[in-house]
Enquirer: 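Attaching a single structure in structure tokens format; questions to follow.
Quick note on labels: first sequence line is chain A, next is B, and so on, each numbered from 1.
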Amino acid sequence: MLRPLQTNSSRIPTAFYEQHDTLTLARLLLGCELVHDSPEGLTAGVIVETEGYLTGDPACHAYRRPTPRNAAMFGPAGTLYVYQIYNHYNCVNIVTGPEGVGEAVLIRALEPTEGIDLMGVRRNEAFRTGFARYRNNTIDPTTPAGFRNLCNGPGKLVIAMGISRQEHNFASLTTGPIFVRAAEPLPDSDVVTTTRIGITQGVDLPYRFYLRGNRFVSKW
DNA sequence: GTTCCGATTATCT
DNA sequence: GATAATCGGAACT
């Protein structure tokens with residue numbers, strides 16, 4: 001028998017995604033928990049690092065035109081956009097802006113809070129089934145280093161959370177198994193704003209946000 | 001059909 | 001810091 005979805009009461013509703021612009025959401029999502037109530041178990045982590053990708057922004061996948069890859073970005077706010085990068089990893093975005101407008105918030109790092117063991121199992125499984133040269137690697141989530149390395153990067157957190165392009169691209173955060181738990185808004189002083197990571201266009205735009213002093217961000 | 005390159009990661013130096 | 005791993009998608013011809 002299927003378990004009921006847990007903690008639906010704190011799931012962020014559609015209106016929240018609709019009522020804020022992309023950069024505001026990128027800030028507001030910090031401190032909230034990303035949750036995946038999957039068949040294997042529930043995993044969750046506090047969002048500690050985000051990036052905004054906007055219309056007219058050359059680094060945005062939707063900058064040029066709608067394509068099969070970026071189609072989810074043009075969906076309604078609160079949709080998931082999952083894309084493959086470097087042919088090894090996937091990154092997860094929360095689609096923002098009105099339907100027909102291609103904007104999104106990239107989730108770059110989580111501080112794990114629930115399902116730590118499952119995260120470790122998934123990350124080790126990815127090693128085992130990944131490149132031959134990495135097959136003997138392991139992550140021990142009971143050690144400080146292993147714990148810290150579970151979700152401190154956009155490709156890592158997708159693995160740890162059990163998110164896949166096939167299953168979750170186009171998924172709704174307001175009705176699906178992946179959702180965000182609301183949190184109290186953080187004071188501006190807790191949020192650091194910088195330029196984005198790993199891009200070649202729009203490199204000077206200050207669209208990256210992370211929690212000040214947090215040890216789980218991808219780079220600091 | 002062909003070319004070019006990437007919103008990364010883990011490892012080694 | 002530098003580099004290998006390694007191939008799908010976008011933008012060309």
Enquirer: Using a strict cut-off of less than 4.0 Å between a Lys/Arg side-chain nitrogen and an Asp/Glu carboxylate oxygen, indicate whether A:Arg181 and A:Glu114 qualify as a salt bridge.
Expert: yes

Enquirer: Under 4.0 Å between any heavy atoms, over every strand shown, what does A:Phe127 touch: base, sugar-phosphate, or nothing? Just pick one.
Expert: sugar-phosphate

Enquirer: Quickly work out the A:Ile139 CD1 to B:dT9 P distance and round it to whole Å.
Expert: 11 Å

Enquirer: How would DNA chain C look in dot-bracket form, 5' to 3', counting Watson-Crick and G-U wobble pairs with both distances under 3.5 Å and writing | for bases paired to another strand?
Expert: |||||.||||||.

Enquirer: Could you walk me through whether A:Arg108 and A:Glu51 pass the salt bridge (Lys or Arg N to Asp or Glu O under 4.0 Å) check?
Expert: CA-CA 7 Å; A:Arg108 283 195 57 90; A:Glu51 285 178 357; 3.8 Å; yes

Enquirer: OP1 or OP2 of C:dG9 versus the side-chain N and O atoms of A:Arg165: is any pair under 4.0 Å?
Expert: yes

Enquirer: With the six-membered base ring of B:dT8 as reference, does the ring of A:Tyr86 sit under 5.5 Å away with planes under 30° apart?
Expert: yes

Enquirer: Roughly how many Å is it from CG in A:Asn149 to C1' in B:dT8, rounded to a whole number?
Expert: 14 Å

Enquirer: Give one of base, sugar-phosphate or nothing for A:Arg69, where a contact means two heavy atoms less than 4.0 Å apart.
Expert: sugar-phosphate

Enquirer: Of all residues at least two apart in sequence or in a different chain, which pass the ring-ring contact (aromatic ring centres under 6.0 Å, His included) check with A:Phe127?
Expert: none

Enquirer: Would you please test A:Tyr53 and A:His61 for ring pair (Phe, Tyr, Trp, His ring centres under 6.0 Å) and show each step?
Expert: CA-CA 8 Å; A:Tyr53 288 86; A:His61 285 176; 7.2 Å; no

Enquirer: Ignoring hydrogens and angles, state whether a donor on the side chain of A:Thr24 or A:Asp21 is under 3.5 Å from an acceptor on the partner side chain.
Expert: yes

Enquirer: Quick check against the 3.5 Å criterion: does A:Glu49 have a side-chain atom that pairs as donor or acceptor with the backbone of A:Ser218?
Expert: yes

Enquirer: Considering only C:dA10, B:dT9, B:dA7, which nucleotide approaches the side chain of A:Tyr89 most closely?
Expert: B:dT9

Enquirer: Distance check needed: B:dA7 C1' versus A:Asp204 CG, whole Å only.
Expert: 16 Å

Enquirer: Rounded to the nearest Å, what distance is computed from the CG atom of residue A:Leu150 to the P atom of nucleotide B:dT8?
Expert: 19 Å

Enquirer: For C:dG9, take OP1 and OP2 only and decide whether either is under 4.0 Å from a side-chain N or O of A:Thr67.
Expert: no

Enquirer: Once you round it to whole Å, what is the distance between P of C:dA10 and OH of A:Tyr83?
Expert: 13 Å

Enquirer: Once you round it to whole Å, what is the distance between C1' of B:dA7 and CZ of A:Arg108?
Expert: 7 Å

Enquirer: State whether a side-chain donor-acceptor pair under 3.5 Å links A:Glu40 with A:Ser38.
Expert: yes

Enquirer: Taking any heavy-atom pair under 4.0 Å as a contact, classify A:Gln84: base, sugar-phosphate, or nothing.
Expert: sugar-phosphate

Enquirer: Give A:Ile85 one of three labels, base, sugar-phosphate or nothing, depending on what nucleic acid heavy atoms sit under 4.0 Å from its own.
Expert: sugar-phosphate

Enquirer: In whole angstroms, how far is the C1' atom of B:dA7 from the CG atom of A:Asn90?
Expert: 12 Å

Enquirer: Roughly how many Å is it from CD in A:Glu49 to C1' in B:dA7, rounded to a whole number?
Expert: 11 Å

